[in-house]
Amino acid sequence: MDNDDDTSIIPMLDDDTTPNHKHDRPHTSPDQFDIEACASLYTGRTKIVRLMFIADRCEATRAEALRMAYEEIIKGEDTVLYREIVGKIGGGEGREGREWVEEVERKAEVRKEKLEIELNAYRTNLIKESIRMGYNDFGEFYYAHGLLGDAFKSFIRARDYCTTAKHIIHMCLNAILVSIEMGQFTHVANYVAKAETTSEALEPVTAAKLKCAAGLANLETKKYRLAARKFLDVGPELGNNYSEVIAPQDNKVIDNVNFRNFLELVPEMRELVNDFYSSRYASCLDYLEKLKANLLLDIHLHDHVETLYNDIRHKALIQYTLPFVSVELHMMANAFKTDVAGLEKELEALITNDQIQAWIDSHNKILYARHADQRNTTFQRVLQTGGEFDRDVRAMLLRANILKHEYNHRQLRKP
(Lines give C-alpha, C1' and ligand atoms only; values in the text may rest on other atoms or scores of the structure.)
Protein backbone atom coordinates (compact mmCIF):
# COMPACT_ATOMS: atom_id res chain seq x y z
CA MET A 1 0.00 0.00 0.00
CA ASP A 2 1.44 3.37 -0.93
CA ASN A 3 1.70 6.62 1.03
CA ASP A 4 -1.53 8.11 -0.34
CA ASP A 5 -3.60 5.64 1.65
CA ASP A 6 -1.58 6.37 4.81
CA THR A 7 -2.20 10.08 4.57
CA SER A 8 -5.91 9.50 4.05
CA ILE A 9 -6.16 7.62 7.35
CA ILE A 10 -3.67 9.29 9.68
CA PRO A 11 -5.45 12.70 10.03
CA MET A 12 -8.50 10.89 11.43
CA LEU A 13 -6.37 9.65 14.33
CA ASP A 14 -5.64 13.15 15.55
CA ASP A 15 -9.32 14.10 15.73
CA ASP A 16 -10.11 11.05 17.92
CA THR A 17 -13.81 11.32 17.30
CA THR A 18 -14.38 7.57 17.34
CA PRO A 19 -16.78 6.67 20.20
CA ASN A 20 -16.33 4.07 22.92
CA HIS A 21 -12.55 4.30 23.19
CA LYS A 22 -12.13 6.14 26.50
CA HIS A 23 -13.29 3.50 28.93
CA ASP A 24 -10.85 1.99 31.39
CA ARG A 25 -7.91 4.13 30.32
CA PRO A 26 -5.30 5.07 32.93
CA HIS A 27 -3.95 8.61 32.87
CA THR A 28 -0.57 7.95 31.31
CA SER A 29 1.43 10.81 29.90
CA PRO A 30 3.81 10.38 26.93
CA ASP A 31 6.88 11.07 29.05
CA GLN A 32 6.01 8.10 31.26
CA PHE A 33 5.52 5.61 28.46
CA ASP A 34 7.75 5.20 25.40
CA ILE A 35 5.48 3.38 22.98
CA GLU A 36 8.15 2.94 20.31
CA ALA A 37 10.54 1.33 22.78
CA CYS A 38 7.76 -0.92 24.05
CA ALA A 39 6.69 -2.02 20.56
CA SER A 40 10.28 -2.73 19.51
CA LEU A 41 10.49 -5.50 22.13
CA TYR A 42 7.89 -7.66 20.36
CA THR A 43 7.40 -9.22 16.97
CA GLY A 44 4.59 -10.79 15.00
CA ARG A 45 0.94 -10.68 15.90
CA THR A 46 1.48 -9.91 19.58
CA LYS A 47 3.16 -6.62 18.65
CA ILE A 48 0.04 -5.49 16.81
CA VAL A 49 -2.35 -6.74 19.50
CA ARG A 50 -0.36 -4.97 22.21
CA LEU A 51 -0.42 -1.71 20.25
CA MET A 52 -4.20 -2.02 19.89
CA PHE A 53 -4.50 -2.73 23.61
CA ILE A 54 -2.45 0.37 24.43
CA ALA A 55 -4.58 2.44 22.06
CA ASP A 56 -7.74 1.35 23.90
CA ARG A 57 -6.37 2.12 27.36
CA CYS A 58 -4.07 5.12 26.97
CA GLU A 59 -5.54 8.31 25.53
CA ALA A 60 -2.17 10.06 25.34
CA THR A 61 -0.65 7.50 22.96
CA ARG A 62 -3.79 6.36 21.15
CA ALA A 63 -3.04 8.05 17.83
CA GLU A 64 0.57 6.88 17.75
CA ALA A 65 -0.33 3.32 18.79
CA LEU A 66 -2.96 2.95 16.06
CA ARG A 67 -0.62 4.48 13.49
CA MET A 68 2.11 1.99 14.38
CA ALA A 69 -0.37 -0.92 14.44
CA TYR A 70 -1.63 0.07 10.99
CA GLU A 71 1.89 0.28 9.56
CA GLU A 72 2.69 -3.14 11.02
CA ILE A 73 -0.48 -4.92 9.89
CA ILE A 74 -0.10 -4.03 6.22
CA LYS A 75 3.25 -5.85 6.21
CA GLY A 76 1.41 -9.14 6.74
CA GLU A 77 -1.72 -10.91 5.56
CA ASP A 78 -4.09 -10.70 8.52
CA THR A 79 -7.19 -9.06 7.05
CA VAL A 80 -9.22 -9.85 10.19
CA LEU A 81 -6.94 -7.78 12.40
CA TYR A 82 -6.61 -5.15 9.64
CA ARG A 83 -10.37 -4.52 9.63
CA GLU A 84 -10.34 -4.28 13.42
CA ILE A 85 -7.60 -1.66 13.35
CA VAL A 86 -9.34 0.34 10.62
CA GLY A 87 -12.54 0.16 12.67
CA LYS A 88 -10.73 1.67 15.65
CA ILE A 89 -9.24 4.40 13.45
CA GLY A 90 -12.64 5.22 11.92
CA GLY A 91 -13.51 6.53 8.48
CA GLY A 92 -13.66 3.20 6.61
CA GLU A 93 -11.02 1.31 4.65
CA GLY A 94 -10.77 3.60 1.63
CA ARG A 95 -10.32 2.51 -1.96
CA GLU A 96 -6.72 1.40 -1.61
CA GLY A 97 -7.48 -0.36 1.63
CA ARG A 98 -10.22 -2.39 -0.03
CA GLU A 99 -7.91 -3.20 -2.93
CA TRP A 100 -5.24 -4.41 -0.49
CA VAL A 101 -7.73 -6.64 1.31
CA GLU A 102 -9.05 -8.07 -1.95
CA GLU A 103 -5.53 -8.79 -3.21
CA VAL A 104 -4.52 -10.50 0.06
CA GLU A 105 -7.69 -12.59 0.12
CA ARG A 106 -7.28 -13.58 -3.52
CA LYS A 107 -3.72 -14.77 -2.89
CA ALA A 108 -4.91 -16.55 0.24
CA GLU A 109 -7.48 -18.55 -1.74
CA VAL A 110 -4.83 -19.61 -4.23
CA ARG A 111 -2.43 -20.56 -1.44
CA LYS A 112 -5.11 -22.49 0.45
CA GLU A 113 -6.10 -24.46 -2.64
CA LYS A 114 -2.45 -25.37 -3.23
CA LEU A 115 -2.04 -26.52 0.38
CA GLU A 116 -5.16 -28.68 0.15
CA ILE A 117 -3.91 -30.38 -3.01
CA GLU A 118 -0.52 -31.06 -1.42
CA LEU A 119 -2.06 -32.41 1.79
CA ASN A 120 -4.42 -34.71 -0.11
CA ALA A 121 -1.46 -36.07 -2.07
CA TYR A 122 0.45 -36.72 1.17
CA ARG A 123 -2.55 -38.54 2.64
CA THR A 124 -2.87 -40.70 -0.46
CA ASN A 125 0.80 -41.67 -0.26
CA LEU A 126 0.57 -42.22 3.56
CA ILE A 127 3.81 -40.33 4.21
CA LYS A 128 3.54 -39.39 7.91
CA GLU A 129 6.29 -36.77 7.87
CA SER A 130 4.79 -35.03 4.83
CA ILE A 131 1.30 -35.10 6.36
CA ARG A 132 2.65 -33.56 9.56
CA MET A 133 4.36 -30.79 7.62
CA GLY A 134 1.19 -30.29 5.56
CA TYR A 135 -0.87 -29.68 8.71
CA ASN A 136 1.83 -27.37 10.05
CA ASP A 137 1.73 -25.40 6.79
CA PHE A 138 -2.03 -25.10 7.14
CA GLY A 139 -1.66 -23.96 10.75
CA GLU A 140 0.86 -21.29 9.79
CA PHE A 141 -1.37 -20.20 6.90
CA TYR A 142 -4.42 -19.78 9.14
CA TYR A 143 -2.36 -18.05 11.86
CA ALA A 144 -0.94 -15.55 9.35
CA HIS A 145 -4.48 -14.70 8.22
CA GLY A 146 -5.86 -14.28 11.75
CA LEU A 147 -7.96 -17.46 11.80
CA LEU A 148 -6.71 -18.62 15.18
CA GLY A 149 -9.28 -21.35 15.78
CA ASP A 150 -8.50 -23.02 12.45
CA ALA A 151 -4.77 -22.59 13.10
CA PHE A 152 -5.08 -24.34 16.46
CA LYS A 153 -7.00 -27.27 14.94
CA SER A 154 -4.41 -27.71 12.17
CA PHE A 155 -1.47 -27.68 14.56
CA ILE A 156 -3.22 -30.23 16.80
CA ARG A 157 -3.98 -32.54 13.87
CA ALA A 158 -0.25 -32.78 13.25
CA ARG A 159 0.05 -34.58 16.61
CA ASP A 160 -1.01 -37.95 15.19
CA TYR A 161 1.84 -37.80 12.66
CA CYS A 162 4.68 -36.84 15.01
CA THR A 163 7.39 -39.49 14.92
CA THR A 164 10.05 -37.94 17.17
CA ALA A 165 10.18 -36.04 20.46
CA LYS A 166 11.24 -32.88 18.61
CA HIS A 167 8.13 -33.10 16.46
CA ILE A 168 5.96 -33.27 19.58
CA ILE A 169 7.72 -30.28 21.12
CA HIS A 170 7.31 -28.28 17.91
CA MET A 171 3.60 -29.13 17.82
CA CYS A 172 3.21 -28.11 21.48
CA LEU A 173 4.98 -24.77 20.94
CA ASN A 174 2.68 -23.99 18.02
CA ALA A 175 -0.40 -24.90 20.05
CA ILE A 176 0.86 -22.80 22.98
CA LEU A 177 1.47 -19.75 20.81
CA VAL A 178 -2.02 -19.83 19.29
CA SER A 179 -3.64 -20.59 22.67
CA ILE A 180 -1.96 -17.55 24.22
CA GLU A 181 -3.25 -15.37 21.37
CA MET A 182 -6.77 -16.77 21.90
CA GLY A 183 -6.55 -16.38 25.69
CA GLN A 184 -7.09 -20.12 26.21
CA PHE A 185 -4.63 -20.62 29.06
CA THR A 186 -5.98 -24.02 30.01
CA HIS A 187 -4.68 -25.26 26.66
CA VAL A 188 -1.39 -23.47 27.37
CA ALA A 189 -0.91 -25.34 30.64
CA ASN A 190 -1.85 -28.67 29.06
CA TYR A 191 0.58 -28.40 26.16
CA VAL A 192 3.38 -27.09 28.36
CA ALA A 193 2.97 -30.21 30.51
CA LYS A 194 2.93 -32.42 27.42
CA ALA A 195 6.11 -30.84 26.04
CA GLU A 196 7.91 -31.10 29.38
CA THR A 197 7.33 -34.87 29.46
CA THR A 198 9.89 -35.11 26.64
CA SER A 199 12.52 -33.33 28.73
CA GLU A 200 15.44 -35.27 27.21
CA ALA A 201 14.79 -33.53 23.86
CA LEU A 202 14.38 -30.01 25.29
CA GLU A 203 16.99 -27.43 24.35
CA PRO A 204 17.69 -24.67 26.90
CA VAL A 205 15.88 -22.01 24.86
CA THR A 206 12.85 -24.27 24.38
CA ALA A 207 12.74 -25.10 28.08
CA ALA A 208 12.84 -21.35 28.87
CA LYS A 209 9.94 -20.73 26.47
CA LEU A 210 7.88 -23.41 28.17
CA LYS A 211 8.56 -21.93 31.60
CA CYS A 212 7.49 -18.49 30.36
CA ALA A 213 4.29 -19.94 28.92
CA ALA A 214 3.59 -21.82 32.17
CA GLY A 215 4.23 -18.61 34.11
CA LEU A 216 1.67 -16.75 31.98
CA ALA A 217 -0.87 -19.55 32.44
CA ASN A 218 -0.45 -19.43 36.22
CA LEU A 219 -0.63 -15.64 36.18
CA GLU A 220 -3.94 -15.71 34.30
CA THR A 221 -5.39 -18.13 36.85
CA LYS A 222 -4.10 -15.92 39.71
CA LYS A 223 -1.65 -18.51 40.97
CA TYR A 224 0.93 -15.83 41.57
CA ARG A 225 3.36 -17.90 43.63
CA LEU A 226 3.52 -20.64 40.98
CA ALA A 227 3.87 -18.01 38.26
CA ALA A 228 6.78 -16.42 40.11
CA ARG A 229 8.52 -19.77 40.48
CA LYS A 230 8.17 -20.48 36.76
CA PHE A 231 9.57 -17.09 35.83
CA LEU A 232 12.39 -17.58 38.32
CA ASP A 233 13.42 -20.74 36.50
CA VAL A 234 13.86 -18.87 33.21
CA GLY A 235 17.54 -18.41 32.45
CA PRO A 236 19.25 -15.66 30.45
CA GLU A 237 19.44 -17.94 27.41
CA LEU A 238 15.85 -16.91 26.56
CA GLY A 239 16.97 -13.42 25.54
CA ASN A 240 14.81 -12.13 22.69
CA ASN A 241 14.00 -15.62 21.40
CA TYR A 242 10.35 -15.48 22.50
CA SER A 243 9.50 -11.95 21.39
CA GLU A 244 6.33 -13.22 19.70
CA VAL A 245 4.99 -13.75 23.24
CA ILE A 246 7.09 -12.01 25.89
CA ALA A 247 10.07 -9.67 26.25
CA PRO A 248 12.96 -10.03 28.74
CA GLN A 249 11.72 -6.97 30.63
CA ASP A 250 8.36 -8.63 31.21
CA ASN A 251 9.99 -11.37 33.27
CA LYS A 252 10.43 -9.24 36.41
CA VAL A 253 10.88 -11.84 39.14
CA ILE A 254 14.03 -10.60 40.75
CA ASP A 255 15.24 -12.40 43.86
CA ASN A 256 17.45 -14.80 41.91
CA VAL A 257 21.05 -14.59 40.74
CA ASN A 258 20.01 -15.50 37.18
CA PHE A 259 18.06 -12.27 36.87
CA ARG A 260 20.78 -9.75 37.60
CA ASN A 261 21.14 -9.05 33.89
CA PHE A 262 17.38 -8.57 33.50
CA LEU A 263 17.38 -6.14 36.44
CA GLU A 264 19.71 -3.84 34.56
CA LEU A 265 16.95 -3.47 31.94
CA VAL A 266 14.52 -2.15 34.57
CA PRO A 267 16.47 -0.05 37.14
CA GLU A 268 13.28 1.05 38.92
CA MET A 269 12.43 -2.58 39.66
CA ARG A 270 15.90 -3.20 41.07
CA GLU A 271 15.64 -0.16 43.33
CA LEU A 272 12.18 -1.00 44.66
CA VAL A 273 13.23 -4.56 45.54
CA ASN A 274 16.30 -3.26 47.36
CA ASP A 275 14.13 -0.75 49.22
CA PHE A 276 11.64 -3.44 50.24
CA TYR A 277 14.30 -5.72 51.70
CA SER A 278 15.99 -2.73 53.36
CA SER A 279 12.66 -1.75 55.01
CA ARG A 280 12.46 1.53 53.08
CA TYR A 281 8.79 0.96 52.40
CA ALA A 282 7.80 4.50 51.45
CA SER A 283 10.46 4.60 48.74
CA CYS A 284 9.50 1.10 47.56
CA LEU A 285 5.81 1.98 47.26
CA ASP A 286 6.73 5.23 45.52
CA TYR A 287 8.67 3.30 42.85
CA LEU A 288 5.68 0.98 42.47
CA GLU A 289 3.37 3.93 41.84
CA LYS A 290 5.72 5.23 39.15
CA LEU A 291 5.62 1.84 37.42
CA LYS A 292 1.88 1.35 37.79
CA ALA A 293 0.75 3.27 34.69
CA ASN A 294 3.09 1.23 32.48
CA LEU A 295 2.10 -2.07 34.08
CA LEU A 296 -1.57 -1.30 33.43
CA LEU A 297 -0.69 -1.20 29.73
CA ASP A 298 0.66 -4.75 29.75
CA ILE A 299 -1.75 -7.09 28.00
CA HIS A 300 -1.19 -9.98 30.42
CA LEU A 301 -0.58 -8.13 33.69
CA HIS A 302 -3.18 -5.34 33.67
CA ASP A 303 -5.96 -7.37 35.33
CA HIS A 304 -3.67 -8.35 38.20
CA VAL A 305 -1.93 -5.05 38.99
CA GLU A 306 -4.32 -3.91 41.74
CA THR A 307 -4.31 -7.32 43.44
CA LEU A 308 -0.53 -7.60 43.32
CA TYR A 309 -0.05 -4.03 44.54
CA ASN A 310 -2.37 -4.69 47.50
CA ASP A 311 -0.51 -7.91 48.31
CA ILE A 312 2.84 -6.11 48.23
CA ARG A 313 1.56 -3.32 50.46
CA HIS A 314 0.06 -5.79 52.92
CA LYS A 315 3.31 -7.76 52.99
CA ALA A 316 5.18 -4.54 53.77
CA LEU A 317 2.78 -3.68 56.62
CA ILE A 318 3.11 -7.17 58.10
CA GLN A 319 6.90 -7.15 57.82
CA TYR A 320 7.09 -3.72 59.46
CA THR A 321 5.18 -4.88 62.56
CA LEU A 322 6.94 -8.22 63.11
CA PRO A 323 9.98 -7.09 65.17
CA PHE A 324 8.02 -4.87 67.60
CA VAL A 325 5.99 -5.45 70.74
CA SER A 326 4.21 -2.14 70.14
CA VAL A 327 4.17 0.38 67.30
CA GLU A 328 2.97 3.99 67.30
CA LEU A 329 0.60 4.42 64.39
CA HIS A 330 1.80 7.99 63.78
CA MET A 331 5.37 6.76 63.20
CA MET A 332 4.16 3.87 61.05
CA ALA A 333 2.00 6.23 58.99
CA ASN A 334 5.03 8.45 58.38
CA ALA A 335 7.05 5.42 57.27
CA PHE A 336 4.37 4.55 54.70
CA LYS A 337 3.53 8.16 53.80
CA THR A 338 -0.13 7.77 54.64
CA ASP A 339 -2.59 9.11 57.22
CA VAL A 340 -3.28 7.40 60.54
CA ALA A 341 -6.98 6.81 59.84
CA GLY A 342 -6.27 5.02 56.57
CA LEU A 343 -3.44 3.00 58.13
CA GLU A 344 -5.70 1.96 61.02
CA LYS A 345 -8.31 0.59 58.61
CA GLU A 346 -5.65 -1.39 56.71
CA LEU A 347 -4.31 -2.86 59.95
CA GLU A 348 -7.83 -3.74 61.13
CA ALA A 349 -8.41 -5.72 57.94
CA LEU A 350 -5.10 -7.57 58.34
CA ILE A 351 -5.85 -8.36 62.00
CA THR A 352 -9.34 -9.61 61.10
CA ASN A 353 -7.83 -11.92 58.48
CA ASP A 354 -5.26 -13.24 61.00
CA GLN A 355 -2.38 -11.86 58.95
CA ILE A 356 -1.17 -9.75 61.88
CA GLN A 357 -1.37 -11.08 65.46
CA ALA A 358 -2.03 -7.80 67.27
CA TRP A 359 -4.64 -5.43 68.67
CA ILE A 360 -5.05 -1.66 68.29
CA ASP A 361 -5.39 0.91 71.03
CA SER A 362 -7.51 3.34 69.01
CA HIS A 363 -7.45 6.02 71.68
CA ASN A 364 -3.66 6.23 71.98
CA LYS A 365 -3.07 5.09 68.37
CA ILE A 366 -0.75 2.23 69.30
CA LEU A 367 -0.57 -1.25 67.81
CA TYR A 368 0.24 -3.96 70.37
CA ALA A 369 1.51 -7.36 69.31
CA ARG A 370 -0.49 -10.30 70.65
CA HIS A 371 2.34 -12.70 71.52
CA ALA A 372 1.52 -16.18 72.71
CA ASP A 373 2.02 -16.95 76.43
CA GLN A 374 5.10 -19.17 76.11
CA ARG A 375 4.94 -20.35 79.74
CA ASN A 376 1.30 -21.43 79.49
CA THR A 377 1.93 -23.05 76.10
CA THR A 378 4.83 -25.06 77.55
CA PHE A 379 2.72 -26.28 80.49
CA GLN A 380 -0.10 -27.30 78.16
CA ARG A 381 2.32 -29.20 75.95
CA VAL A 382 3.80 -31.01 78.99
CA LEU A 383 0.33 -32.00 80.22
CA GLN A 384 -0.62 -33.25 76.76
CA THR A 385 2.59 -35.28 76.49
CA GLY A 386 2.02 -36.71 79.99
CA GLY A 387 -1.53 -37.75 79.07
CA GLU A 388 -0.34 -39.46 75.90
CA PHE A 389 2.42 -41.26 77.85
CA ASP A 390 -0.06 -42.46 80.51
CA ARG A 391 -2.42 -43.78 77.80
CA ASP A 392 0.40 -45.63 76.01
CA VAL A 393 1.70 -47.22 79.25
CA ARG A 394 -1.78 -48.42 80.23
CA ALA A 395 -2.25 -49.98 76.79
CA MET A 396 1.12 -51.76 77.07
CA LEU A 397 0.28 -53.14 80.54
CA LEU A 398 -3.08 -54.37 79.33
CA ARG A 399 -1.47 -56.18 76.40
CA ALA A 400 1.20 -57.71 78.69
CA ASN A 401 -1.45 -59.05 81.08
CA ILE A 402 -3.47 -60.53 78.23
CA LEU A 403 -0.41 -62.38 76.96
CA LYS A 404 0.61 -63.46 80.46
CA HIS A 405 -2.69 -65.14 81.21
CA GLU A 406 -3.06 -66.56 77.71
CA TYR A 407 -6.52 -65.03 77.42
CA ASN A 408 -6.60 -65.33 73.63
CA HIS A 409 -5.68 -69.05 73.68
CA ARG A 410 -8.45 -69.91 76.19
CA GLN A 411 -11.00 -68.12 74.05
CA LEU A 412 -9.93 -70.17 71.00
CA ARG A 413 -10.16 -73.54 72.90
CA LYS A 414 -13.79 -72.98 73.94
CA PRO A 415 -16.20 -75.42 72.17
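All values below come from the heavy atoms of this structure, side chains included, with hydrogens, waters and symmetry mates left out.
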Point to revise | Residue pair R280, E271: steps toward the salt bridge (charged side-chain N to carboxylate O under 4.0 Å, His left out) verdict | key: CA-CA 10 Å; R280 296 189 292 268; E271 293 301 323; 5.8 Å; no

Point to revise | Residue pair V325, Y368: steps toward the side-chain contact (heavy atoms from CB on, under 4.5 Å) verdict | key: CA-CA 6 Å; V325 175; Y368 290 100; 5.6 Å; no

Point to revise | K112 and E109: CA distance, side-chain angles, deciding distance, salt bridge (charged side-chain N to carboxylate O under 4.0 Å, His left out) verdict | key: CA-CA 5 Å; K112 183 179 179 182; E109 285 298 321; 5.5 Å; no

**Study point:** Intermediate values then yes/no, side-chain contact (heavy atoms from CB on, under 4.5 Å), I54 and C38
**Key:** CA-CA 10 Å; I54 292 168; C38 176; 4.3 Å; yes

Exercise for review: Would you check, one step at a time, whether the test side-chain contact (heavy atoms from CB on, under 4.5 Å) holds for V305 with K292?
Suggested key: CA-CA 8 Å; V305 169; K292 189 173 184 178; 4.0 Å; yes

Review point. Given the rule in the side-chain contact (heavy atoms from CB on, under 4.5 Å) test, do Y82 and V104 qualify, once you have shown the distances and angles that lead to the verdict?
Key: CA-CA 11 Å; Y82 171 83; V104 170; over 6 Å; no

Practice item. Check step by step if ring-ring contact (aromatic ring centres under 6.0 Å, His included) holds for H167 and Y161. Key: CA-CA 9 Å; H167 291 168; Y161 304 94; over 10 Å; no

**Study point:** R50 vs D298, salt bridge (charged side-chain N to carboxylate O under 4.0 Å, His left out): CA-CA, chis, key distance, verdict
**Key:** CA-CA 8 Å; R50 284 174 181 268; D298 185 276; 3.5 Å; yes

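Residues V245 and H300 share a closest heavy-atom pair of O-NE2, 4.4 Å. Of all non-hydrogen atoms in A213 and I180, the two that sit nearest each other are CB-CD1, 4.5 Å. The heavy-atom pair separating L66 from I85 by the smallest distance is O-CG2, 4.4 Å. A227 and G215 make their closest contact through CB-O, 3.5 Å (heavy atoms, listed as atom of the first residue, atom of the second, distance). Between A65 and L51 the shortest heavy-atom distance is CB-O, 3.5 Å. Shortest non-hydrogen contact noted between Y320 and A335 is CE1-CB, 3.9 Å.
Under the 4.5 Å side-chain criterion, counting only non-hydrogen atoms from C-beta, R132 is in contact with H170. L81 places a side-chain heavy atom less than 4.5 Å from the side chain of M52. The closest side-chain heavy-atom distance from L216 to C212 is not below 4.5 Å. Side chains of K230 and V234 form no contact here, defined as non-hydrogen atoms less than 4.5 Å apart. Under the 4.5 Å side-chain criterion, counting only non-hydrogen atoms from C-beta, L308 is not in contact with L295. Residues T186 and N190 meet the side-chain proximity criterion, which asks for heavy atoms closer than 4.5 Å.
Salt bridge annotation for D160-K128: absent, with no cationic side-chain nitrogen under 4.0 angstrom from a carboxylate oxygen. Salt-bridge formation is detected for the pair R67/E64: a Lys NZ or Arg NE/NH1/NH2 atom is positioned less than 4.0 Å from an Asp or Glu carboxylate oxygen. Using a 4.0 Å cut-off between a side-chain N of Lys or Arg and a carboxylate O of Asp or Glu, D311 and K315 do not qualify as a salt bridge. The pair E72-K47 meets the salt-bridge criterion, with a side-chain N (NZ, NE, NH1 or NH2) lying under 4.0 Å from an Asp/Glu carboxylate O. Under 4.0 Å is where a charged nitrogen must lie from a carboxylate oxygen, and between E105 and R83 at least one such pair does. Under the 4.0 Å criterion applied to side-chain N and carboxylate O atoms, R391 and E388 are not assigned as salt-bridge partners. Salt bridge R313/E346: present, at least one basic N to carboxylate O contact under 4.0 Å. Salt-bridge annotation for R394 and D390: present, with a side-chain N of the basic residue lying under 4.0 Å from a carboxylate O of the acidic one.
Side-chain polar atoms of S362 and E344 form a donor-acceptor pair below 3.5 angstrom. A side-chain N or O of Y281 and one of Q319 form a donor-acceptor pair less than 3.5 Å apart.
With hydrogens and angles ignored, the 3.5 Å screen pairs no side-chain donor or acceptor of N353 with any backbone N or O of Q355. The backbone N or O of S243 sits nowhere less than 3.5 Å from a side-chain atom of N240 that would complete a donor-acceptor pair. Counting only distance, with no hydrogens or angles, the side chain of N241 and the backbone of L238 share a donor-acceptor pair below 3.5 Å. D286 places no side-chain N or O within 3.5 Å of a backbone atom of A282 that could act as its donor or acceptor partner. With hydrogens and angles disregarded, a donor-acceptor distance shorter than 3.5 Å links the side chain of Y309 to the backbone of L288. A donor-acceptor pair under 3.5 Å is formed between the side chain of S40 and the backbone N or O of A37. When atom types are taken as modelled, the side chain of T385 and the backbone of R381 share a donor-acceptor pair closer than 3.5 angstrom. Between the side chain of D361 and the backbone N or O of H363 there is at least one donor-acceptor pair closer than 3.5 Å. Using a distance-only test at 3.5 Å, with no hydrogens or angles considered, a donor-acceptor pair links the side chain of D34 to the main chain of E36.
Considering CG of L115 and CD of E140, their distance stands at 10.0 Å, rounded to 0.5 Å. Atom OG1 of residue T221 and atom NZ of residue K223 lie 4.5 Å apart, to the nearest 0.5 angstrom. Atom CD in E84 sits 9.5 Å away from atom CD1 in I73 (nearest 0.5 Å). The distance from atom CG of L367 to atom CD1 of I356, rounded to the nearest 0.5 Å, is 6.5 Å. The CG atom of L347 lies 5.0 Å from the CD1 atom of I360; values are rounded to the nearest 0.5 Å. Here the CZ atom belonging to F336 is positioned 4.5 Å from the CG atom belonging to L317, to the nearest 0.5 angstrom.
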Kindly list each side-chain donor-acceptor pair under 3.5 angstrom involving residues 141-156, sequence neighbours excluded, with atom names and distances?
unit_1: Y143; atom_1: OH; unit_2: E181; atom_2: OE2; d: 3.3
unit_1: H145; atom_1: ND1; unit_2: F141; atom_2: O; d: 2.9
unit_1: S154; atom_1: OG; unit_2: D150; atom_2: O; d: 3.1

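R106 meets the salt bridge (Lys or Arg N to Asp or Glu O under 4.0 Å) test with E103; sequence neighbours excluded.
A cation-pi arrangement is not found for K211 relative to F231, the charged atom failing to lie both closer than 6.0 Å to the ring centre and inside a 45° cone about the ring normal. Under a cutoff of 6.0 Å and an axis angle of 45°, K194 and Y191 do not form a cation-pi pair.
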